[in-house]
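Notes follow the structure.
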Amino acid sequence: MSLKAVLFDFNGVIIKDEPIHLKLIDEILVQENLQPQKVHELQASLGRSDRACFQDLLKNRGRVITEEYLIQLLTRKAQAYVLELEKLEKLPLYPGIDDLIFQVRSHNLKLGLVSGALRQEIELVLERGKLAEYFEIIVAGDDTNTSKPQPEGYLLAVERFNQEFVELDLQPQDCLAIEDTPVGIQAAKRAHMQVVGVANTYPFHMLQRQANWTVDYLTDLELERVKEVFLQKDIKSAVPEC
């Protein structure tokens, strides 16, 4: 196999906005006369889609969940997120994102994004951060019925790449995912992709147990070395066993 595409997670990899999301979810719960998130629920929400989080939170509080009610809460959350970002003079993008995108492009690799965040939120950040033009495929939380750690988002990204670039013949094994949470790593692994864990949200040692590579910062990732590993595996698979 050879490395053909790099797939970024969004929250916790491109933008440091988890505190904003957690605060907004709590605000909505309180507005709905429900208890805010408990410590274990805060931890469980990291890396998962807003839809999945609200479904679990409402269920845990005995609230009847209809699709209409859920969409209403998600819409309010997305609108509040936009307002929160408008208050910021500068987006809290992680250092090194520009350099890593430059590495991906200089190696002629495809660049995609797979996230549980709503498309409205993703596009807002990418446009404001002047990154939108680089991402050829975006799979958002609106596009899937499941949340990480399920692999649906990553598999859909491969499908969309092949629709957009027929000659690419992309397979999951040709992709490198960049994730910051255990559930994100599990999703990519279940899609049969190799994963870089970046210790933005969880400690290095927790991600190291699950990811193929682990870095403290995006600036530590050497894409050239990763490509060599992909190539070595390709050569080994091509050599017949004695």
Side-chain angles (χ1 to χ4, degrees), residues 1-14 47-52 97 100-123 125-126 131-198 207 210-215 218 221 223-238:
M1 61 187 175
S2 59
L3 180 59
K4 296 181 180 179
V6 178
L7 304 176
F8 283 73
D9 181 31
F10 180 64
N11 310 111
V13 171
I14 291 177
R48 302 179 69 223
S49 70
D50 285 345
R51 171 179 283 272
I97 187 69
L100 186 51
I101 289 175
F102 176 80
Q103 284 192 64
V104 172
R105 288 167 56 81
S106 65
H107 286 286
N108 295 316
L109 303 175
K110 298 299 182 186
L111 183 60
L113 190 153
V114 178
S115 172
L118 297 179
R119 183 171 293 274
Q120 176 185 356
E121 299 174 358
I122 295 170
E123 291 181 346
V125 170
L126 295 184
L131 302 173
E133 63 181 292
Y134 304 123
F135 288 90
E136 295 152 304
I137 293 294
I138 294 176
V139 174
D142 326 46
D143 300 322
T144 61
N145 295 316
T146 60
S147 173
K148 297 173 183 178
Q150 299 305 317
E152 182 184 358
Y154 279 111
L155 295 175
L156 180 57
V158 172
E159 181 181 325
R160 287 186 174 176
F161 265 120
N162 285 325
Q163 290 172 349
E164 186 75 18
F165 307 99
V166 179
E167 73 287 351
L168 186 62
D169 189 26
L170 187 68
Q171 302 299 317
Q173 294 85 347
D174 303 325
C175 299
L176 177 71
I178 301 179
E179 284 282 356
D180 68 306
T181 64
V183 294
I185 294 172
Q186 290 167 32
K189 284 292 190 74
R190 289 177 180 180
H192 303 292
M193 297 180 182
Q194 297 199 54
V195 192
V196 172
V198 57
L207 302 184
Q210 302 182 46
N212 300 92
W213 296 270
T214 310
V215 294
L218 289 175
L221 179 56
L223 204 54
E224 183 64 44
R225 294 181 63 185
V226 173
K227 279 189 67 178
E228 289 175 2
V229 173
F230 270 77
L231 183 59
Q232 288 169 5
K233 291 189 176 185
D234 191 32
I235 292 172
K236 288 179 181 178
S237 64

Checklist entry - So, for Ala188 and Ala177, which heavy atoms are closest and what is the spacing to 0.1 Å? => result CB-CB, 3.6 Å
Checklist entry - Heavy atoms, side chains only, cut-off 4.5 Å: are Phe10 and Val125 in contact? => result yes
Item to check | Any residue meeting side chain to side chain donor-acceptor pair (under 3.5 Å) with Asp169, in chain and number order, not counting sequence neighbours | outcome: Gln171
Checklist entry - Are Asp9 and Lys148 ion-paired here, with the side-chain N under 4.0 Å from a carboxylate O? => result yes
Checklist entry - Which atom names give the shortest non-hydrogen contact between Leu218 and Ile178, and what distance separates them? => result CD2-CG2, 4.2 Å
Checklist entry - Distance from Asp142 atom CG to Leu118 atom CG, nearest 0.5 Å? => result 5.0 Å
Checklist outcome for this item: The salt bridge (charged side-chain N to carboxylate O under 4.0 Å, His left out) partners of Lys189 (sequence neighbours excluded) come to none
Item to check | Closest non-hydrogen atom pair, Ser147 against Ala52 | outcome: CB-CB, 3.6 Å
Checklist entry - Taking the side chain from Gln194 and the backbone from Asn212, do they hold a donor-acceptor pair closer than 3.5 Å? => result no
Checklist outcome for this item: Heavy-atom nearest pair, Ser115 first then Ile122, reads CB-CD1, 3.9 Å
Checklist entry - Between Glu136 and Phe165, is any pair of side-chain heavy atoms under 4.5 Å apart? => result yes
Item to check | Test: Lys110 cationic atom under 6.0 Å from Phe161 six-membered ring centre, within 45° of axis | outcome: no
Item to check | Stepwise side chain to side chain contact (heavy atoms under 4.5 Å, CB included) check, Val158 with Cys175 | outcome: CA-CA 8 Å; Val158 172; Cys175 299; 4.0 Å; yes
Next on the checklist: Could you work out, with ring pair (Phe, Tyr, Trp, His ring centres under 6.0 Å) as the rule, every residue matching Phe135, not counting sequence neighbours?
Outcome noted: Phe8
Item to check | CD-CG distance between Glu179 and Leu7, expressed to the nearest 0.5 angstrom | outcome: 9.5 Å
Item to check | Rounded distance (nearest 0.5 Å) linking atom CG of Asp174 with atom NE2 of His192 | outcome: 13.0 Å
Checklist outcome for this item: To the nearest 0.5 Å, atom CZ of Arg51 lies from atom OG1 of Thr144 at 9.0 Å
Checklist outcome for this item: Here the salt bridge (charged side-chain N to carboxylate O under 4.0 Å, His left out) pairs for residues 151-168, sequence neighbours left out, are Asp143-Arg160
Let me check something: any side-chain donor-acceptor pairs from residues 100-107 under 3.5 Å, sequence neighbours excluded? List them with distances.
unit_1: Gln103; atom_1: OE1; unit_2: Leu223; atom_2: N; d: 3.1
unit_1: Gln103; atom_1: NE2; unit_2: Leu221; atom_2: O; d: 3.2
unit_1: Ser106; atom_1: OG; unit_2: Phe102; atom_2: O; d: 3.2
unit_1: Ser106; atom_1: OG; unit_2: Gln103; atom_2: O; d: 2.8

Checklist entry - Closest heavy-atom contact between Asn11 and Ala117? => result OD1-CB, 3.4 Å
Next on the checklist: Within the 4.5 Å heavy-atom criterion, are Ile137 and Leu111 side-chain neighbours or not?
Outcome noted: no
Next on the checklist: I'd like to know whether Leu156 forms a side chain to side chain contact (heavy atoms under 4.5 Å, CB included) with Val114, so could you lay out the CA-CA distance, the side-chain angles of the two residues, the decisive distance to 0.1 Å, and finally the verdict.
Outcome noted: CA-CA 9 Å; Leu156 180 57; Val114 178; over 6 Å; no
Checklist entry - What is the minimum heavy-atom distance between Leu113 and Leu126, and which atoms define it? => result CD1-CD1, 4.2 Å
Next on the checklist: I want to check something: taking the side chain as every heavy atom from C-beta on, are Val195 and Leu176 in contact at a cut-off of under 4.5 Å?
Outcome noted: no
Next on the checklist: Once side chain to side chain contact (heavy atoms under 4.5 Å, CB included) is applied, do any residues pair with Ala191, and if so which ones, sequence neighbours excluded?
Outcome noted: Pro151, Tyr154, Leu155, Met193
Item to check | Verdict with supporting geometry, Ser2 and Leu231, side chain to side chain contact (heavy atoms under 4.5 Å, CB included) | outcome: CA-CA 5 Å; Ser2 59; Leu231 183 59; 5.5 Å; no
Next on the checklist: I need the Ile97 CD1 to Ile14 CD1 distance, nearest 0.5 Å.
Outcome noted: 4.5 Å
Checklist outcome for this item: One should read off an interatomic distance between Gln173 CD and Leu3 CG, to the nearest 0.5 angstrom, of 12.5 Å
